[in-house]
**Student:** 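Let me give you the structure first, and then I'll get to my questions.
Values in this document were obtained by computation on a predicted structure and should not be read as measured data.
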Amino acid sequence: MTVPITQEREGLRPGLRRRHMTMIAIGGAIGAGLFVGSGSVIQTAGPAAVLSYAAAGLLVLCVLRALGEMVVARPVAGSLAEYARMSMGPFAGFVVGWLYWYLYVILVGAEAVAGAAILGAWVDLPQWVLSAALLVIMTAVNLVSVKSFGEFEFWFASIKVVAIVLFLVLGAVYLFGLWPDADGGLHNLTGHGGFAPNGVTGVFSAIVVVMFAFGGTEIVTVAAAESKEPGQAVARATNNVLWRVGLFYVASIFLIVCILPWNDAEVLQSPFVSALDHMGVPAAGTIMQVVILTAVLSVLNSAIYVSSRMLYVLTRDGDAPAGLVKVNRRGVPARAVLLGTVAAWGAVIASYVSPDQVFTFLVNSIGVVLAFVYVAIMFSQLKLRSRLRREDPSALTYRMWGYPYLSWLVIAAIAIVFIAMARNPDQRNQLLASTISLLAVAAIYPLRAKFGRKPPTREVEVLHH
């Protein structure tokens, strides 16, 4: 049966406002991968990259809808791991939680290295010093309060949104031939080997890459536990994902392949900078570097936040040492924040000591982790939905579409992505390294009994078998 009780907060404080939640959701959908990584997608699929982004966006939207259904029905901190635990047992919760924590810890290190590389062009200091400075600053932001994290994320996301909106406006002016000396038109869509020069295979291969570019959109469901209206916040954010994806990704990529030939060598390096340079926008390179640095800092800020909250939840549920669950007087799990930062230092050190081996393996080892988490979300939704229909149908106010058929279709689509990666020599290493991460986390589950803690009796929504 269901134990009907209030939303569980356990020391975490609801310091995130509606505007914070909105921008956390938007910021999660716009990473540095859009500004830089989109070049490789265009090279793979040609102008048909717009289809790759649209298809991958729909897939991620379905995952978020399924996750949103569970969050609205059962709002709890650390939602991803908690729902796996509710629906599939403690082993699933342990694996999903630690795997998700590992993903964001490595991401903290990787983003610190990326930010230092950008700053290195402007600041004459060793890159390891710049990486350390970025880690210290963003860790301090997260230690102050959850409101501090939300405020920084609000402004980081705002800068990204303004940059993309300006690009869309300038690109549209160019496309319609209103820009000085602009040819305009859609001739680049088909003028260099056709709309899909590499065929359907190229489009599908690009979908594999693009799907992981949307990583971070689920952060809003983790942050929901520290907002005043968790259910409403997640519902609003999930409903808005589709137009964000359409506007920020599909529309901007469409403009790029209209402005530049898809096979232009400069597109691979930095498509947004190349498009702006082609249009003759002054200081385009510098402007976009600032925007990319903002995107990196946004991901770094969010990654520190998410890793700390997931570790907090793991500790609370008995999957990690008891001391890490302690929060300070401002409601921040400070020990969890600091442990994540210290662990991220391992990735930073590896990037300078062994960039081609250890660091490359670490980055590859998180390449497909998000897809593993997506599969867990879909299975959790399938099982939790069936229970709620029997035990508490009134909780299902926000529903996944086409249940259960669409849920199974999403799982099948992700399975096809795995198969495609296994068959692609360029992506096989990522799949293998990430699978090793999954197996390693599963293998340490027996240590839970020795080093974990017995979960205290607490007010949290639990589904009993």
Side-chain angles (χ1 to χ4, degrees), residues 3 7-12 67 70-71 74-108 142 218-219 221-226 303-327 331-344 346 365-366 369-370 372-377 379-380 383-384 434-465:
V3 181
Q7 177 188 344
E8 174 267 332
R9 294 193 187 278
E10 277 196 349
L12 297 179
L67 183 56
M70 295 185 289
V71 172
R74 293 287 179 266
V76 291
S79 55
L80 289 83
E82 197 67 39
Y83 298 136
R85 182 183 307 278
M86 285 181 181
S87 58
M88 296 181 285
F91 175 73
F94 178 93
V95 172
V96 171
W98 275 111
L99 203 59
Y100 196 68
W101 178 84
Y102 174 73
L103 163 66
Y104 275 96
V105 163
I106 299 301
L107 196 58
V108 169
N142 277 269
E218 78 290 342
I219 289 175
T221 64
V222 177
E226 292 175 87
I304 292 174
Y305 170 80
V306 172
S307 64
S308 65
R309 271 30 177 206
M310 190 54 63
L311 187 57
Y312 170 83
V313 169
L314 286 166
T315 305
R316 181 200 65 192
D317 289 335
D319 291 334
L324 297 174
V325 80
K326 185 177 178 60
V327 299
V332 175
R335 296 178 182 178
V337 171
L338 292 173
L339 181 61
T341 303
V342 170
S365 71
I366 64 172
V369 162
L370 199 60
F372 294 154
V373 173
Y374 284 169
V375 171
I377 289 171
F379 276 116
S380 298
K383 297 197 71 172
L384 202 55
S434 296
T435 302
I436 291 174
S437 299
L438 173 63
L439 295 176
V441 170
I444 62 175
Y445 178 72
L447 297 177
R448 174 182 184 271
K450 183 175 182 181
F451 296 103
R453 68 193 288 261
K454 183 179 179 180
T457 302
R458 52 188 168 86
E459 291 189 340
V460 60
E461 296 172 343
V462 180
L463 294 182
H464 293 297
H465 293 277

**Student:** Okay, side chain of W98, backbone of D319: is any donor-acceptor separation there less than 3.5 Å?
**Tutor:**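 Side chain of W98 to backbone of D319, a donor-acceptor pair under 3.5 Å: yes, one is there.
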
**Student:** Taking all heavy atoms of A223 and all of Y305, pick out the closest pair and write down the distance.
**Tutor:**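 Smallest interatomic distance, heavy atoms only, reads CA-OH, 3.3 Å.
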
**Student:** Any side-chain heavy atom of M310 within less than 4.5 Å of one from T315?
**Tutor:**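 M310 vs T315: side chains apart.
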
**Student:** I want to check something: taking the side chain as every heavy atom from C-beta on, are V96 and Y83 in contact at a cut-off of under 4.5 Å?
**Tutor:**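 They are not in contact (no side-chain heavy atoms under 4.5 Å apart), so the answer is no.
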
**Student:** So, E82 and R74, do they make that salt bridge, N to O below 4.0 Å?
**Tutor:**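 So E82 does not pair with R74 through a salt bridge.
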
**Student:** So, for A81 and G97, which heavy atoms are closest and what is the spacing to 0.1 Å?
**Tutor:**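 Heavy-atom minimum between the residues: CB-CA, 3.7 Å.
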
**Student:** Hey, does M86 have a side-chain heavy atom less than 4.5 Å from the side chain of M70?
**Tutor:**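 A side-chain contact is absent here, since even the closest heavy-atom pair is not under 4.5 Å.
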
**Student:** Drop me the distance from M88's CE to S380's OG, to the nearest 0.5 angstrom.
**Tutor:**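 Taking CE in M88 and OG in S380, the distance rounds to 3.5 Å.
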
**Student:** Tell me, do I366 and Y102 make a side-chain contact under 4.5 Å, heavy atoms counted?
**Tutor:**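 Yes - at least one pair of side-chain heavy atoms lies under 4.5 Å apart.
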
**Student:** Taking side chain to side chain contact (heavy atoms under 4.5 Å, CB included) as the test, write out the residues that go with L370, two or more places apart.
**Tutor:**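 For L370 the side chain to side chain contact (heavy atoms under 4.5 Å, CB included) partners, ignoring immediate neighbours, are Y100, L103, E218, Y374.
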
**Student:** Mind listing the closest non-hydrogen atom pair of S308 and V337 along with its distance?
**Tutor:**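 Heavy-atom minimum between the residues: CB-CG2, 3.4 Å.
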
**Student:** Can you find a pair of side-chain heavy atoms, one from N142 and one from V332, that are under 4.5 Å apart?
**Tutor:**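 Of all side-chain heavy-atom pairs linking V332 with N142, none is under 4.5 Å.
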
**Student:** Quick one: are L80 and I377 in side-chain contact, heavy atoms under 4.5 Å?
**Tutor:**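 The answer is yes, as the side chains (C-beta and beyond) meet within the 4.5 Å cut-off.
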
**Student:** Kindly give the heavy-atom pair with the smallest separation between S307 and W101, and that separation in Å.
**Tutor:**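 Smallest interatomic distance, heavy atoms only, reads O-CD1, 2.9 Å.
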
**Student:** Is there side-chain contact between V441 and F94, with at least one heavy-atom pair below 4.5 Å?
**Tutor:**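 V441 reaches F94 side chain to side chain.
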
**Student:** Report the distance from atom CG of L338 to atom CD1 of I304, rounding to the nearest 0.5 Å.
**Tutor:**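 Reported to 0.5 Å precision, the distance equals 10.0 Å.
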
**Student:** Check whether S437 reaches the backbone of S365 with its side chain - one donor and one acceptor, N or O, closer than 3.5 Å.
**Tutor:**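 Indeed, once roles are kept as given, a pair shorter than 3.5 Å links the two residues.
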
**Student:** What are the two closest heavy atoms between L314 and G93, and how far apart are they?
**Tutor:**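 It is CD2-O, 4.3 Å.
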
**Student:** For A440, check side chain to side chain contact (heavy atoms under 4.5 Å, CB included) against everything at least two apart and list the hits.
**Tutor:**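 Here no residue qualifies.
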
